[in-house]
Novice: 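One structure, pasted below without further comment.
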Amino acid sequence: MGERMNNNEKIINILEKEYKDARCALNFTTPFELLIATMLSAQTTDLTVNKATEILFKKYNTPEDFRRLDNKELEKYIKICGLYKTKAKNIIEASKKIVTDYDGKVPSTLEELIKLPGVGRKTANVVLSNAFNKDAIAVDTHVYRVSNRLGLSNSKDVNETEEQLMKNIPKEKWSNAHHWLIWHGRKICSAKNPKCSICPLNHICKYYNEIKENN
DNA sequence: AACTCGGGGCA
DNA sequence: TGCCCAGAGTT
């Protein structure tokens with residue numbers, strides 16, 4: 001047809017093709033489990049979180065279970081994730097709030113989720129998009145870096161990045177787009193020494209073209 | 001805007 | 001041994 005695809009469309013199409021099988025890498029079978037796994041994932045990797053939750057969720061996997069846990073008991077399971085005292089405290093407090101305020105069900109709006117202790121915008125959006133199939137794009141360090149490099153966004157903060165991504169990515173692809181960006185960020189578009197030479201997007205990447213011009 | 005929480009993985 | 005890692009809360 002006559003109309004040429006713009007760069008954003010091209011980028012999304014390549015990402016989709018390249019990361020067709022990308023899924024949420026965290027272990028979970030319920031919204032609550034995803035919430036806990038995502039809370040644990042701060043400043044660590046999915047491998048570490050999965051190692052911890054694989055054992056943890058066999059014993060405890062509902063807000064009712066977690067709200068009764070002793071801090072020390074929970075810390076024992078999640079110590080390998082790091083920042084474990086804060087995380088244990090927040091997880092237990094969040095579980096109490098879910099039971100008392102939301103009838104034991106994880107709330108499914110951004111406003112409610114970010115009121116849970118230890119839950120910020122990123123964690124809330126992961127739960128919304130992955131557990132509840134809501135229209136949301138979670139922006140973590142990978143998404144922020146990669147989308148800015150590619151030119152899908154051009155922003156200094158998370159809020160702005162979310163808005164720009166929602167504008168530049170077709171709605172029906174929002175739920176998967178952040179997985180594609182995260183996987184790309186880990187495999188190729190790393191913070192340091194990105195593997196631009198083998199990147200399937202380098203020919204339309206803003207960052208790569210800037211680098212080339214400066215050399 | 002800077003500071004703090006933090007054990008594990010990997011060079 | 002040193003550096004980094006799917007953030008969030010406090011000051």
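Each chain gets a letter, A, B and so on, in the order its sequence line appears, and its residues count up from 1. Small disclaimer: the values here were computed from a predicted structure and weren't measured.
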Novice: Provide, to the nearest angstrom, the distance between the CZ atom belonging to R186(A) and the C1' atom belonging to dA6(C).
Specialist: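 Computing the R186(A):CZ to dA6(C):C1' distance gives 7 Å.
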Novice: With a 4.0 Å cut-off on heavy atoms, is L26(A) in touch with a base, just the backbone sugar-phosphate, or nothing at all?
Specialist: base
Novice: Holding to ring-ring contact (aromatic ring centres under 6.0 Å, His included), I want the full list of residues that pass it with Y208(A), two or more places apart in sequence or in another chain.
Specialist: none
Novice: Go through the side-chain N and O atoms of E112(A) and T109(A) and say whether any donor and acceptor fall under 3.5 Å apart.
Specialist: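 Indeed, the side chains of E112(A) and T109(A) share at least one donor-acceptor pair under 3.5 Å.
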Novice: Rounded to whole angstroms, how far apart are CG on N27(A) and C1' on dA6(C)?
Specialist: 14 Å
Novice: In whole angstrom, give the distance that lies between atom CG of D157(A) and atom C1' of dG7(C).
Specialist: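 Between C1' of dG7(C) and CG of D157(A): 15 Å.
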Novice: With the side chain of K51(A) defined as its heavy atoms from C-beta on, choose the nearest nucleotide among dG9(B), dA6(C), dG7(C).
Specialist: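 Closest nucleotide among those given: dG9(B).
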Novice: Given atom NZ of K122(A) and atom C1' of dC5(C), what is their separation to the nearest angstrom?
Specialist: 11 Å
Novice: If each of A124(A) and R145(A) is mapped to the nucleotide of DNA chain C with the nearest heavy atom, which maps nearer the 5' terminus, i.e. the 5' end?
Specialist: R145(A)
Novice: Q43(A) CD to dG9(C) P: how many Å, rounded?
Specialist: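 After rounding, the reported distance stands at 14 Å.
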Novice: Can a donor-acceptor pair be found between the side chains of H184(A) and Y19(A) at a distance below 3.5 Å?
Specialist: yes
Novice: Measure from the side-chain heavy atoms of K192(A) and tell me the nearest of dG9(B), dC5(C), dC3(C).
Specialist: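 That would be dC3(C).
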Novice: What are the residues of residues 52-63 of chain A, sorted by number, that bring a heavy atom to within less than 4.0 Å of DNA chain C?
Specialist: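 Here the set is empty: none.
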Novice: Can you tell me how far C1' in dG7(B) sits from the matching atom in dT10(C), rounded to whole Å?
Specialist: 23 Å
Novice: Taking the six-membered ring for Trp, are F28(A) and F57(A) ring centroids under 6.0 Å apart?
Specialist: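 Between F57(A) and F28(A), which both carry aromatic rings, the centre distance is not below 6.0 Å.
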Novice: When we call it a touch if two heavy atoms are under 4.0 Å apart, what does V143(A) touch: a base, just sugar-phosphate, or nothing?
Specialist: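 No contact.
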Novice: Take atom CG of N193(A) and atom P of dC4(C), then tell me their distance rounded to the nearest Å.
Specialist: 11 Å
Novice: I'd like the P distance from dA6(C) over to dA11(B), given in whole Å.
Specialist: 15 Å
Novice: If we only count heavy atoms from C-beta on, is the I78(A) to K85(A) side-chain gap below 4.5 Å?
Specialist: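 Not touching, per the 4.5 Å side-chain cut-off.
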Novice: When you measure from the side-chain N and O atoms of T141(A) to the phosphate of dG7(C), is any distance below 4.0 Å, counting only OP1 and OP2?
Specialist: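 Result: yes.
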Novice: Closer than 4.0 Å, any side-chain N/O of T123(A) to the OP1 or OP2 of dA8(C)?
Specialist: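 Affirmative; the distance criterion is met.
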Novice: Rounded to whole Å, how long is the line connecting atom CG of D46(A) with atom C1' of dG9(B)?
Specialist: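 From D46(A) CG to dG9(B) C1': 13 Å.
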Novice: Rounding to an integer number of angstrom, what distance separates dG6(B) and dT11(C) when you compare their P atoms?
Specialist: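 So the two P atoms sit 16 Å from each other.
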Novice: Can you find a pair of side-chain heavy atoms, one from V143(A) and one from L165(A), that are under 4.5 Å apart?
Specialist: yes
Novice: Less than 4.0 angstrom from a charged side-chain N to a carboxylate O is my criterion; do E162(A) and R121(A) meet it?
Specialist: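 A salt bridge links E162(A) with R121(A).
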Novice: Tell me which residues in residues 69-101 of chain A put a heavy atom below 4.0 Å from DNA chain C, sorted by number, or none.
Specialist: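 Those residues are L83(A).
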Novice: Map G120(A) and T45(A) onto DNA chain C by nearest heavy atom, then report which one ends up closer to the 5' terminus.
Specialist: T45(A)
Novice: Calculate the interatomic distance between K156(A) atom NZ and dA1(B) atom C1'; express it in whole Å.
Specialist: 14 Å
Novice: Between E54(A) and K51(A) (salt bridge meaning N to carboxylate O under 4.0 Å), is one present in this structure?
Specialist: no
Novice: Identify whether any heavy atom of A138(A) sits under 4.0 Å from a base atom; if not, whether one sits that close to sugar-phosphate; answer base, sugar-phosphate or nothing.
Specialist: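 The residue A138(A) makes no contact with any strand.
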Novice: Does a side-chain N-to-carboxylate-O contact under 4.0 Å join E16(A) and K173(A)?
Specialist: yes
Novice: Applying the 4.5 Å side-chain criterion to the ILVMFWY set and letting contacts propagate, would I80(A) and L26(A) be lumped into a single cluster?
Specialist: no
